[in-house]
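Each remark here refers to the structure printed beneath this line.
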Amino acid sequence: MTASMPDYPSALPASGRSADELLNDIEAGRTGDLDWQSGRAFSLVYNAADPDLEHLQHGVADLFLHDNALNPMAYPSLRAMETSIIAMAADLFGTDARAGALTSGGTESIFCAVQVAREHARKVMAIPEPTIVVPHTAHPAFDKAAKYLDIEIIRVAVDPDGRADADTLADAMDERTAMVVGSAPCYPYGVMDPITDIAALAADAGILCHVDACLGGWLLPFWEANGETVTPWTFAVDGVTSMSADIHKYGYGYKGASVVLYRDRSLLKNQFFSFDDWPGGFYGSATPAGTRPAPPIAGAWATLVHLGSEGLVAKAADVLAATRRFVSFVDKTDGLGLVRRPDMSVVLFSATDPSTNPALAAELHAGGWKVDVQQEGLHLMMSPGHLAVLPDFEGAIVLALAAVSASPAAPQDGANEPARYADRAI
Ligand SMILES: *Cc1c(COP(=O)(O)O)cnc(C)c1O
């Protein structure tokens with residue numbers, strides 16, 4: 001059967017199409033989509049490069065395709081997996097096995113933590129209009145949560161190395177502050193905020209402290225097991241009261257799985273919702289979602305149990321090797337520099353003339369390499385699947401640099417800021 005691009009109707013077609021034919025066309029329609037399996041993509045998908053895991057994930061997704069985790073009582077197996085995921089996370093990050101919830105992703109985990117902070121501020125701290133204070137590098141999910149929850153968010157500048165500064169955060173705090181945030185690490189630069197200092201600040205002020213470990217939560221423990229020094233960031237740090245950690249990033253689950261954890265279950269309970277004043281019976285939930293897809297729960301559980309800590313240590317070894325290799329490539333290549341020196345697997349690098357970054361990215365994109373263009377440089381996140389392609393990628397960058405310097409592009413809108421870049425230690 002020859003596949004063609006599907007027609008995407010704007011109204012429901014009168015007669016349906018055959019499943020096989022449609023599948024073929026849908027596949028043909030994906031030609032422009034991000035091809036993560038090639039290893040040429042550096043964001044959105046965390047490529048475990050693991051055929052066994054892939055097989056398991058397809059199997060488990062298929063098994064649970066139609067199930068609904070809205071009512072865990074109807075699915076003892078899903079409930080057991082969910083409880084087990086939270087317990088495994090709590091064990092890894094050092095909190096009570098019952099003080100967490102599984103969510104659909106980092107944004108939802110952060111939403112929950114901000115909602116808990118608002119509730120806690122109003123109920124326990126007598127702050128009717130709470131605010132949260134976050135570093136400039138904190139993920140936009142905090143602003144999104146603040147918008148939906150109608151609370152004020154204050155963003156403060158970070159240090160030249162890209163890390164939050166506890167004193168700067170302290171200066172922005174006042175009697176309305178309900179929570180302060182640090183990232184482990186932040187997405188833009190991959191640097192660790194000084195969680196010990198930030199959490200101490202929160203403890204002194206009697207407020208909450210959230211650690212956004214969406215990116216690092218399922219990698220940092222194994223990074224450390226590979227001999228890297230990791231500054232403290234878990235519940236072992238006094239004053240940390242909540243944490244978000246995405247299984248669908250470096251936990252290698254497929255999309256739709258993250259955990260939000262608290263220092264104790266009483267904080268978590270602020271998330272719980274129950275209602276019975278309608279004719280539909282008792283309704284309760286632990287997170288914002290109602291009907292919940294079962295495949296991400298089963299997939300996350302199966303992935304973590306399949307890999308185990310030894311598997312995650314081995315994956316982290318590949319991520320570490322890829323990161324080291326690429327960082328040293330950037331360091332030794334004329335015309336390139338690191339924008340910040342990362343603590344984990346994120347590399348933000350720039351052409352020495354940052355105004356050429358968009359042209360450099362365009363050259364790479366033309367060769368099928370997908371890197372994100374940010375304000376200050378080109379952004380990559382390393383996965384186990386990248387180790388094998390880095391020699392090709394580095395070759396492509398050298399060629400792209402040559403092509404760009406041979407035909408300098410006109411400065412583009414939103415181009416980088418050479419003066420600021422020049423100030424930076426790289
Ligand atoms: C990815 C990420 C988030 C948001 O998670 P989603 O799963 O995309 O909703 C939040 N914080 C950090 C540091 C992240 O890397």
Side-chain angles (χ1 to χ4, degrees), residues 34 36 41-47 85 89 93 100-117 132 134-149 153 155 158 162-164 179-195 198 209-221 223 230-231 233-234 240 242-261 287-289 292-293 295-297 299-300 303 316 319 323 340 342-348 371-372 374 379-383:
L34 185 81
W36 62 271
F42 292 89
S43 66
L44 297 167
V45 179
Y46 299 76
N47 181 356
I85 293 169
F93 310 140
L102 190 69
T103 71
S104 64
T107 301
E108 190 181 351
S109 289
I110 288 167
F111 181 91
C112 289
V114 175
Q115 183 261 323
V116 165
I132 60 173
V134 311
H136 185 53
T137 46
H139 194 277
F142 290 96
D143 299 76
K144 195 183 207 176
K147 175 186 161 136
Y148 288 175
L149 292 162
I153 178 167
R155 278 184 177 261
V158 296
R163 293 178 222 281
M179 184 166 78
V180 63
V181 171
S183 304
C186 70
Y187 180 92
Y189 305 138
V191 299
M192 297 286 284
D193 286 335
I195 302 300
I198 296 172
C209 171
H210 183 81
V211 173
D212 181 9
C214 280
L215 196 54
W218 293 93
L219 182 58
L220 292 170
W223 202 248
V230 175
T231 58
W233 60 280
T234 64
V240 171
S242 60
M243 182 179 300
S244 44
D246 292 354
I247 302 170
H248 64 202
K249 287 181 181 158
Y250 287 107
Y252 306 106
Y254 49 81
K255 298 303 173 248
S258 170
V259 288
V260 59
L261 297 164
T287 58
R292 284 193 305 147
I297 301 172
T303 301
V319 177
T323 306
R340 295 292 192 289
D343 294 316
M344 211 182 73
S345 53
V346 175
V347 187
L348 183 64
V371 301
D372 287 338
Q374 294 182 351
H379 185 265
L380 310 176
M381 289 180 295
M382 292 298 171
S383 292

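As the structure lists them, so they are numbered: ligands from 1, and atoms in each ligand from 1. All residue numbers refer to positions in the sequence shown, counting from 1.
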Find out whether [X] and [Y] are in side-chain contact, i.e. whether some heavy atom of one side chain is under 4.5 Å from a heavy atom of the other.
X: Ser244; Y: His210; result: yes
X: Phe42; Y: His379; result: no
X: Val114; Y: Phe142; result: yes

#### Entry: Distance from atom 13 (C) of ligand 1 to nearest protein heavy atom, with residue and atom
Asp212 OD2, 3.3 Å
### Task
Looking only at protein heavy atoms, identify the closest one to atom 6 (P) of ligand 1 and say how far it is in Å.
Gly106 N, 3.4 Å
### Task
Please could you name the atoms of ligand 1 that Ile110 approaches to less than 4.0 Å, counting only its heavy atoms?
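Checking each atom against Ile110, I get 10 (C).
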### Task
May I ask you to check whether Tyr187 has an N/O atom sitting below 3.5 Å from an N/O atom of ligand 1?
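No, Tyr187 has no N/O under 3.5 Å of an N/O on ligand 1.
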### Query
Do the two ring centres, one from Trp233 and one from Phe93, sit under 6.0 Å apart?
yes
### Query
Under a heavy-atom criterion of less than 4.0 Å, does Lys249 contact ligand 1?
yes
### Task
Please verify whether a non-hydrogen atom of His248 lies at under 4.0 Å from ligand 1.
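Yes.
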### Query
For Lys144, does the NZ atom sit with more than 12 other heavy atoms under 6.0 Å from it, leaving out its own atoms?
no
### Side-chain (Arg155) to main-chain (Asp143) donor-acceptor, under 3.5 angstrom
no
### Message
Heavy-atom distances under 4.0 Å decide this one: backbone, side chain, both or neither, for Thr107 against ligand 1?
### Response
both
## Note on the structure
Logged contact type for Ala141 with ligand 1, heavy-atom cut-off 4.0 Å, is neither
